[in-house]
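All remarks here apply to the structure that follows.
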Amino acid sequence: MPPLILITNDDGYQSRGLHQLVAIASELGEVVVMAPEHNSSGLSTSITCTRPMRVHSTKGPSGIEYHYCDGTPADCVKMGIEYFCPRPPDLVLSGINYGSNASINIAYSGTMGAVLEACLDGCQSIGFSLLNHSPEADFEAASSFIRHIIDSVLHHPLPDYTALNVNIPRLDASQIKGIRVCRQARASWVDSLEKRIDPIGRPYWWMTGKFVCDNPGEDSDEYALANGYISVVPVSPDFTNHSAINILKHLES
């Protein structure tokens, strides 16, 4: 029996990145698609719990049936596993995202929110992102690397409670130097809420921001990407800072 692969994203079911990931994964197993109806970027691991959700279906470009949900990426994973997969999936994939989810971006990413939800549900999971926001982004360039990573995880399962955050530099296939397994760079978004006035005089605010990573380190994802490598960061929904437990023992009574 071929492996069952559930695929979602945060850019919506019509995204070219999703189509490319479905095409790659369908060469390696049986594919079920459950993606958001609308762009759901920046929703992280949020779920819908204050209204009902609806699911619709259509044929994707490759003829594979696409299910799409008016919920979040994490909702799509829950819905896909519980109602649309004929058995528990062997692997959950999310992407291919427009733009980076390296470094601190994982904290906000709907793409990676789906991956972490799958990990919480006990599923192998991988998120793929391309450092290109253009509608004409070339997702084909990294296809052979994406296929290699998916195939590797199918044959060499990840440790429990571990998923992969994969980011791909904006380069032609011939310019990508390879794959680097690395750590998440310590960086931040310096946010700013810009106050504006609408045409009838009412104030509103628009989120802007600047990504700051002063010293990524040669073992980090930001360094790998800047030097032409695909970054692979093992991540976990366990937020415990294990190194701090002994430091804080003085709090116990």
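The side-chain heavy atoms of Asp138 and Asn132, taken from C-beta on, include no pair separated by under 4.5 Å. Looking at Pro73 and Asn9, their side chains never come closer than 4.5 Å, going by heavy atoms from C-beta outward. Side-chain contact check for Glu222 versus Phe211: some heavy-atom pair is nearer than 4.5 Å. When side chains are defined from C-beta on, Ile96 does not count as touching Ser129, because their heavy atoms never get closer than 4.5 Å.
The six-membered or imidazole ring of Tyr68 lies near that of His56, with a centre-to-centre distance under 6.0 Å.
For the pair Asp221 (side chain) and Ala185 (backbone), a donor-acceptor distance under 3.5 Å is present. One N or O on the side chain of Ser143 and one on the backbone of Glu140 form a donor-acceptor pair closer than 3.5 Å. Looking at Ser15, its side chain never comes within 3.5 Å of a backbone N or O of Gly12 through a donor-acceptor pair. In this structure a side-chain-to-backbone donor-acceptor pair under 3.5 Å is missing from Asn167 to Ser231. When atom types are taken as modelled, the side chain of Lys177 and the backbone of Asn227 share a donor-acceptor pair closer than 3.5 angstrom. Looking at Asn39, its side chain does come within 3.5 Å of a backbone N or O of Ser41 through a donor-acceptor pair. Side-chain N or O atoms of Asp11 include none that pairs as donor or acceptor with a backbone N or O of Gly17 at under 3.5 Å. Counting only distance, with no hydrogens or angles, the side chain of Ser220 and the backbone of Pro216 share a donor-acceptor pair below 3.5 Å.
Under the 4.5 Å side-chain contact rule for hydrophobic residues, Ile146 and Val92 do not share a cluster. Phe139 and Met112 fall into different hydrophobic clusters, where Ile, Leu, Val, Met, Phe, Trp and Tyr are joined by side-chain heavy atoms under 4.5 Å apart, directly or via other members. A single hydrophobic cluster is seen to contain both Phe128 and Val31, as judged by linkage of ILVMFWY side chains at heavy-atom distances under 4.5 Å, directly or through other members.
What you find for Thr8 and Leu18 is that their closest heavy atoms are O-CD1, 3.9 Å. Nearest heavy-atom pair, Ile81 versus Pro89, reported as atom, atom and distance to 0.1 Å: CG1-CG, 4.0 Å. In terms of heavy atoms, Ile5 sits closest to Ala25 at CD1-O, 3.8 Å. Here the shortest heavy-atom pairing between Gly71 and Arg51 reads CA-NH2, 4.2 Å. Between Cys76 and Met34, the closest heavy-atom pair is O-CG, 3.2 Å. Here the shortest heavy-atom pairing between Leu21 and Ser94 reads CD2-C, 3.9 Å.
Under the 4.0 Å criterion applied to side-chain N and carboxylate O atoms, Asp70 and Arg54 are not assigned as salt-bridge partners.
Atom CG of Asp10 is separated from atom OG of Ser44 by 10.5 Å, given to the nearest 0.5 angstrom. Remark: Ser26 OG to Ile64 CD1 distance equals 4.5 Å, nearest 0.5 Å. A distance of 11.5 Å separates NE2 in His67 from CE in Met79, rounded to the nearest 0.5 Å. One distance of note links CD1 of Ile176 with OG of Ser144; it measures 7.5 Å at 0.5 Å rounding.
Atom OH of Tyr204 is surrounded by more than 12 heavy atoms from other residues, nucleotides or ligands within 6.0 Å.
None of Asn105, Asn165, Asn97 except one satisfies the side-chain hydrogen bond (donor to acceptor under 3.5 Å, both in side chains) rule with Thr111; the exception is Asn97.
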